[in-house]
Amino acid sequence: MSEPNELNYWRKFLRGDSEALSNLYLLFVDDLYSYGIKIYHDESLVKDSIQDVFIGLIEKQDKLSISSNVKAYILKSLRNKILEELRTQNRRNEIKNLIFSSEENYSGYADTLFAGSEEHHNRQAILSAALKNLSKHQREAIFLKYTNNCTYEQIAEIMEISIPSARTLIYRSLKQMKQFVFKKPDK
Amino acid sequence: MSIQIIYYRSQNKMNIEFESLLRDESFVDKITKGGAEAEQYVKNLVLQYPEKKEDILFAIQFIKSTTAEHRRLSGDEASEIWSKIRDRQKLEKITPEKTNRKIFSTIWKVAAGIVILIGLGYYFHSQSDLRSFKQIVESSEKVYEEGVLILSDGLEHKLQKNESAVEYDPSGEEIFITEAGNTEKKLKNPANERQKNLNQIIVPFGRRHCITLCDGTTVQLNSGSQLIFPANFTGNNRKVYLKGEGYFEVAKNSAMPFVVITDYLDIDVTGTIFNISAYEDEKTASAVLVEGSVNVTQKNKLFSNPKYTLEPGQGYFYSINTSKATVNKVDIINYVGWKDGWLQFKDQPLINIVRRVEKYYNKEILIKGEELANTLISGKLVLSDEFDDAVIHLAKTVEGHLNQNEKQIYIITE
């Protein structure tokens with residue numbers, strides 16, 4: 001999580017230190033996998049794409065610049081790799097349908113905090129529905145912010161929008177969820 | 001600490017809407033971390049804003065479900081992807097060379113492959129050890145006022161006096177507790193679970209305890225420490241997990257090396273005396289060797305986990321921020337005096353000593369003025385049972401004055 005660490009590794013890697021790449025890999029592999037699976041639910045395709053992202057880094061090692069946003073750069077590369085892969089496999093129409101599609105349920109988690117009660121289950125169902133009610137774009141932003149712990153700056157870079165737009169996107173999504181969650185039942 | 005935050009919050013009005021809670025980074029952090037502290041925090045928040053209960057509960061559930069979406073690849077899966085990346089990297093470097101080198105390059109690739117697998121094997125193996133110990137640490141976030149020994153059946157036994165000693169017999173079945181030098185208490189470890197389950201001893205702040213493991217190894221544990229260990233050692237080595245600080249006198253057994261696992265370093269030995277400090281909230285993890293020989297391994301690296309063999313009188317200092325380690329010759333007395341109930345310092349700045357005292361009692365002390373903070377001090381500080389006595393003594397040593405601020409925190413001034 002600590003910013004200086006990833007920048008450190010990144011600088012070392014650019015200077016030709018190959019061990020630094022393994023550190024970057026360890027730092028980001030779970031983020032990449034979680035994100036990839038959300039973009040397209042195919043484990044082996046996601047794993048291959050992660051592999052390609054890092055091979056891409058090795059190939060371009062001497063052409064890369066010192067970016068201050070390593071995490072955003074790597075996550076964005078994965079996004080592009082998966083889309084590219086789907087394109088070459090001629091699954092164009094799947095792209096439209098599957099990126100952050102509403103199929104997933106934010107369903108199960110085990111936690112001691114109020115878990116297991118009926119209210120807990122009801123709340124979970126309402127939250128799932130509220131998330132489904134969002135646009136793909138909004139869901140992606142929420143995922144990056146809360147699941148992958150990205151900053152607004154990183155979200156902006158990954159989704160190719162401005163930083164204020166990233167903030168607004170998150171804020172609007174939360175507001176919209178709130179309205180959904182607390183809407184008065186129909187008469 | 002948590003209570004201070006709550007008070008602070010309640011004075012500054014908080015915006016308790018679903019969307020504003022979720023945009024409050026410190027709220028999100030707290031809930032993500034979870035544990036008893038978060039639970040207490042939430043309870044207080046709901047008590048304080050009963051009309052906003054649903055907003056609060058929905059926000060929490062939102063955080064919990066989104067973070068649960070973060071998946072973890074298993075060690076095997078992660079290392080499989082990595083070995084493919086590594087293979088390709090080697091390939092990149094070899095292809096520009098001419099075809100008559102082909103045979104050599106193939107051999108080189110195979111050899112590299114083996115080295116990588118061994119390297120990864122160690123890394124993921126050692127991480128999985130750490131993970132299984134960590135599960136126990138995380139499952140017990142309780143804060144203890146008194147020392148506690150937890151046996152294979154999960155039952156807790158209090159250690160009522162400071163410096164109580166715990167001793168396991170060679171079979172790990174019987175345990176003797178010596179309190180205040182004489183009262184002997186005998187405990188029995190449940191027989192059938194003895195092999196599998198781990199025991200642990202938790203030392204609260206302001207206390208020290210000593211434990212003798214079934215192999216005869218003794219560990220003196222400093223204030224705010226935790227040691228997890230099997231009642232009975234089986235297999236190829238003797239593995240224990242340490243959080244905090246411990247002074248180890250390891251019983252010799254070259255057939256079964258003794259391994260101390262901490263979050264950042266592994267220390268393996270056959271028979272020797274050394275001190276390890278691995279507090280969670282400190283920036284440095286260290287191992288200082290008194291006698292014998294130990295190997296220290298950094299564990300955050302995927303390849304070539306750097307291993308260093310320490311000589312007596314040397315200290316290994318690992319910086320958690322930079323992942324860098326240095327080895328220095330040290331004055332052992334500065335590092336191990338705590339086990340005898342005093343801290344000895346030789347030309348140490350006051351601020352370092354204050355840090356040690358703060359750590360020992362888990363209390364805060366302030367120093368007014370940089371000059372005073374950097375004053376070099378040599379001498380001995382007795383760690384009494386009372387925090388106040390220690391601070392008064394410390395202030396006297398530097399010929400300073402002692403005040404308390406409105407929060408009852410001690411301030412040392414010139």
Side-chain angles (χ1 to χ4, degrees), chain A residues 2 4-5 8-9 18-19 21-23 25-26 29-34 37-38 43 47-48 50-55 57-59 104 106-115 119-120 123-124 126-128 130-131 142-143 145-149 167 170-171 173-178 181-182, chain B residues 17-23 25 28-29 31-32 34-36 38-39 42-43 54-55 57-73 77-89 91-93 116 119-120 123 127 300-304 306 320-324:
Chain A
S2 60
N5 244 350
N8 238 337
Y9 292 143
S18 55
E19 200 186 282
L21 189 69
S22 66
N23 289 319
Y25 174 79
L26 269 185
V29 67
D30 289 338
D31 282 350
L32 284 166
Y33 184 68
S34 309
I37 283 292
K38 284 284 168 191
E43 263 182 52
K47 286 181 185 170
D48 286 349
I50 294 176
Q51 188 185 322
D52 289 344
V53 167
F54 281 89
I55 289 168
L57 290 179
I58 296 167
E59 285 169 352
E104 77 275 345
Y106 285 79
S107 52
Y109 69 90
D111 185 63
T112 53
L113 217 58
F114 310 108
E119 288 111 315
H120 178 270
R123 265 200 299 277
Q124 198 62 50
I126 296 171
L127 272 180
S128 275
L131 275 162
I142 292 280
F143 172 88
K145 177 95 183 92
Y146 293 97
T147 304
N148 263 4
N149 212 4
R167 267 180 207 283
I170 294 282
Y171 186 62
S173 311
L174 292 174
K175 268 225 118 118
Q176 203 173 313
M177 283 186 74
K178 159 129 180 171
V181 166
F182 291 99
Chain B
E17 302 290 328
F18 174 77
E19 68 276 18
S20 23
L21 284 174
L22 290 175
R23 292 188 347 136
E25 311 247 318
V28 175
D29 272 359
I31 302 302
T32 312
E39 211 152 327
V42 170
K43 272 183 197 146
E54 286 302 303
D55 277 81
L57 294 184
F58 267 109
I60 291 167
Q61 201 142 342
F62 174 90
I63 295 167
K64 293 285 179 187
S65 5
T66 47
T67 47
E69 290 295 302
H70 197 261
R71 292 159 201 252
R72 291 192 80 142
L73 279 170
E77 288 173 304
S79 73
E80 199 191 321
I81 300 173
W82 179 249
S83 63
K84 285 184 194 153
I85 298 170
R86 217 51 185 190
D87 281 354
R88 279 289 290 271
Q89 188 177 24
L91 220 64
E92 283 296 311
K93 285 184 177 154
I116 288 157
L120 283 168
Y123 176 82
Q127 285 305 87
N300 61 333
K301 300 275 167 68
L302 202 44
F303 291 95
S304 65
I320 290 155
N321 286 343
T322 64
S323 313
K324 284 235 162 64

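The chains referred to below are lettered A, B, ... by the order of the sequence lines, with proteins before strands, and numbering in each begins at 1.
- Within the 3.5 Å criterion, the main-chain N or O of A:Thr147 finds no donor-acceptor partner in the side chain of B:Thr66.
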Given the rule in the side-chain contact (heavy atoms from CB on, under 4.5 Å) test, do A:Leu174 and B:Phe62 qualify, once you have shown the distances and angles that lead to the verdict?
-> CA-CA 10 Å; A:Leu174 292 174; B:Phe62 174 90; 4.1 Å; yes
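- With values rounded to the nearest 0.5 angstrom, A:Lys175 atom NZ is found 7.5 Å from B:Glu17 atom CD.
- Proximity to chain B (any heavy atom under 4.5 Å) is shown, for A:Tyr146, by both the backbone and the side chain.
- When all heavy atoms of A:Gln124 and B:Gln61 are compared, the pair lying nearest together is OE1-NE2, 2.8 Å.
- Checked for salt-bridge contact, B:Glu25 and A:Lys145 meet the test: a charged N lies under 4.0 Å from a carboxylate O.
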Starting from the C-alpha separation in whole Å, work towards a yes-or-no answer on side-chain contact (heavy atoms from CB on, under 4.5 Å) for B:His70 and A:Asp31.
-> CA-CA 7 Å; B:His70 197 261; A:Asp31 282 350; 2.4 Å; yes
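- For the pair A:Val29/B:Trp82, no side-chain contact is recorded, criterion being any heavy-atom separation below 4.5 Å from C-beta on.
- Residues A:Met177 and B:Leu22 have side chains not in contact (no heavy-atom distance under 4.5 Å, counting atoms from C-beta outward).
- Rounding to the nearest 0.5 Å gives a distance of 5.0 Å between NZ of B:Lys84 and CD of A:Gln51.
- In this structure the side chain of A:Ile126 reaches within 4.5 angstrom of the side chain of B:Phe58, judged on heavy atoms.
- Note that NZ of A:Lys178 and OG of B:Ser20 are 7.0 Å apart. Values are rounded to the nearest 0.5 Å.
- From B:Glu69, atom CD reaches atom CG of A:Leu131 across 9.0 Å, with rounding to the nearest 0.5 Å.
- Most heavy-atom pairs under 4.5 Å with chain B: of the set A:Asp52, A:Ile37, A:Ile50, A:Ile170, this distinction falls to A:Ile37.
- Side-chain atoms of A:Ser34 come within 3.5 Å of backbone atoms of B:Arg71 as a donor-acceptor pair (strictly under, hydrogens ignored).
- Using a 4.5 Å cut-off on side-chain heavy atoms (C-beta onward), A:Glu43 and B:Glu77 make contact.
- With a threshold of 4.5 angstrom between heavy atoms, A:Leu57 does not approach chain B through any atom at all.
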